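Notes to accompany the following structure.
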Amino acid sequence: MSRESLRSIPSVDRVLNAIGECDLPRPIVVACIRDTLKELRRATHPHTHDDVVALVRENLEGLRRLRIQSVINGTGILVHTNLGRAPLGQLVVAAQNDVATHYCNLEYDLPTGKRGRRAAYLEHALAILCKAEAATVVNNNAAALVLILQHLCQGNRPQVVISRGELIQIGGGFRIPEILQTSGAELVEVGTTNKTSLEDYERAVGASTGMILKVHRSNFFMDGFVSSPTTEELAALAKRKRIPLVEDLGSGAIVGTDEHAQVEHEPTPAEVLRHGVQLVCFSGDKLLGGPQAGIIAGRKRFVSGLKRHPLYRALRCDKLILAGLQAIVELYLEGNAGYAQHDGIPVIAMLATPVEHLRSRAEALIETLECKTLDISIRETEAQIGGGALPRSSIPSIALDIKPRSESVKTFAEGLRNSMPAVIGYVSGKSLRIDLRTVFPFQDHQLIDLLRNSATRERQVKDA
Ligand SMILES: *Cc1c(COP(=O)(O)O)cnc(C)c1O
């Protein structure tokens, strides 16, 4: 192979021929070659033809890894925002598939043949599920909050009263105070970070108050010298002052999480509404286990008002989301949420999997692998719900604990992340851990193949 320096940079066509088969669309490959050649023209040191081809291949691989693709989640975090939150079950996807590949009655009333109400049945079913007078759905929970604030904090009542202890940041770049201000509401902070009393609220509520907002403190937990009024106490105050109380539940578990796993109880929308809140909002793709959505439930008067707001039209959901949610809500109403991993709701099924099942899977995995180059053992670990739910609770779990022998754990983890599909674990000391609670049983055979490949790579590293 020629290693002589090139005096001139090769043409796009020449590189295109040299790289051969590639599964990315040709315009993307050509653009990548152009960008790479441009970059090389600026470089001061000379490049061989092989260097050029290798660099293009590397850049193409980088692009390929940017495509949205499925991965194996070995983090043990059930609702992982970076990994797409809740995976959907087969029944839900089948319902979406049917609506996606045909026309549907999205806004068409079949009995009369006239224009119909969008998502009327879903809203009805959601209201029953949340034991609410009415319910509706928007793009996500952040959108639900913006809509509620726009509607309730306007005119001569622009203020939203919220405890300083609830001005939280949820994930990357989502801060409750910024959301409140974006929606034009005037923020009235009460209490301190760790203590807010009912009197603090009482003093802040006045003629300019549009609503009181309670935000479920979902992604962290404060302990010690901490107190704040209960939802019931706040509801009584709101009632006396004749202003609405809204609770942002964040995750919004429909089933009692404590019935499914050894974790604490996450408040459900129905409970919060029973405590006297006028509106509750929560995400569709956290503990509910559905597609991305923001669900709002509560008093009919307020829900109808939200739906008449001009912003509602900009925040409404697509038919695929509505069809998916419809299937999910029916699963909950039939009591079939968690019992079959594939037909039910995977997040709930994962939450409910007994640790002994995970242990047997781990034993079978290690036995099938029969690997001499990797040092694999079974570890008792703690999985988490994630997505801002139950920050205190960890779920007893089982992980494969893998110690690479010839490469660093960092390099080993990187190798698995670059496999197809990617395996994402977490590093603990000198080991990479793959928590089996978030790995689907149907992925076990794939995991074995990928671990075998990485063991082969390990051996090559060692022999080199
Ligand atoms: C996750 C979360 C949100 C944001 O919900 P999205 O559906 O991601 O928009 C808002 N509030 C709380 C308390 C949350 O936990």
Side-chain angles (χ1 to χ4, degrees), residues 77-88 126 130 135-150 152 160 162-183 185 187 193 196 211-222 228 231 234 245-254 257 263-269 271-273 277 279-298 306 311-312 314-318 321-322 324-325 328-329 347 384-393:
I77 300 170
L78 271 66
V79 177
H80 197 306
T81 298
N82 301 154
L83 302 184
R85 292 196 182 161
L88 301 178
L126 264 174
C130 297
T136 192
V137 188
V138 288
N139 184 54
N140 57 14
N141 193 23
L145 266 179
V146 170
L147 180 66
I148 291 170
L149 286 155
Q150 283 259 345
L152 294 179
V160 50
I162 181 171
S163 158
R164 287 200 172 84
E166 295 170 8
L167 292 172
I168 57 178
Q169 167 154 356
I170 303 143
F174 179 82
R175 291 185 164 158
I176 291 286
E178 284 164 13
I179 286 282
L180 304 193
Q181 269 144 3
T182 302
S183 52
L187 190 58
T193 304
T196 305
M211 63 184 262
I212 300 176
L213 178 65
K214 188 168 164 61
V215 179
H216 186 54
R217 213 182 276 139
S218 52
N219 53 355
F220 70 105
F221 169 68
M222 288 201 300
S228 57
T231 300
L234 268 185
L245 170 66
V246 177
E247 183 151 353
D248 170 11
L249 259 190
S251 203
I254 295 295
T257 43
V263 293
E264 68 188 287
H265 184 75
E266 176 83 6
T268 68
E271 283 163 15
V272 171
L273 289 171
V277 163
L279 284 176
V280 60
C281 61
F282 56 99
S283 295
D285 53 354
K286 291 184 178 173
L287 263 179
L288 184 82
Q292 182 190 299
I295 295 159
I296 305 169
L306 292 172
L311 192 60
Y312 181 78
L315 303 177
R316 75 181 189 186
C317 293
D318 158 72
I321 302 293
L322 299 174
L325 275 176
I328 296 256
V329 171
V347 169
Q384 286 163 36
I385 293 185
L390 306 178
R392 274 192 279 193
S393 288

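Ligands are counted one by one from 1 in listed order, and the atoms in each one are counted from 1 as well. This is a predicted model, so every value here is computed, not measured.
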Next item on the list: Say whether Thr231 and Glu247, considering side chains only, have a donor N or O and an acceptor N or O under 3.5 Å apart.
Entry: yes

Short list, please: which atoms of ligand 1 are under 4.0 Å from a heavy atom of [X]?
X: His216; result: 13 (C)
X: Ser283; result: 5 (O), 6 (P), 7 (O)
X: Gly250; result: 12 (C), 13 (C), 14 (C), 15 (O)

Looking at every non-hydrogen atom in both residues, tell me the closest pair between [X] and [Y] and how far apart they are.
X: Leu325; Y: Ala293; value: CD1-CB, 3.8 Å
X: Leu287; Y: Val79; value: N-CG2, 4.4 Å
X: Val329; Y: Leu126; value: CG2-CD2, 3.7 Å
X: Ser251; Y: Lys286; value: OG-CB, 3.4 Å
X: Leu88; Y: Gly290; value: CD2-C, 3.5 Å

Below 3.5 angstrom, do we get any N/O pair linking [X] and ligand 1?
X: Lys286; result: yes
X: Asp248; result: yes
X: Ala142; result: yes

Notebook entry, point to check: Which one of Val215, Val146, Asn141 has a non-hydrogen atom at the shortest distance from atom 5 (O) of ligand 1?
Noted result: Asn141

Note to self: Taking only non-hydrogen atoms of Arg85, do any sit less than 4.0 angstrom from ligand 1?
What the structure shows: yes

Next item on the list: Would you confirm whether Thr257, through its side chain, and Glu266, through its main-chain N or O, come within 3.5 Å as a donor-acceptor pair?
Entry: yes

Notebook entry, point to check: Does ligand 1 have a heavy atom under 4.0 Å from the side chain of Glu247, from its backbone, from both, or from neither?
Noted result: neither

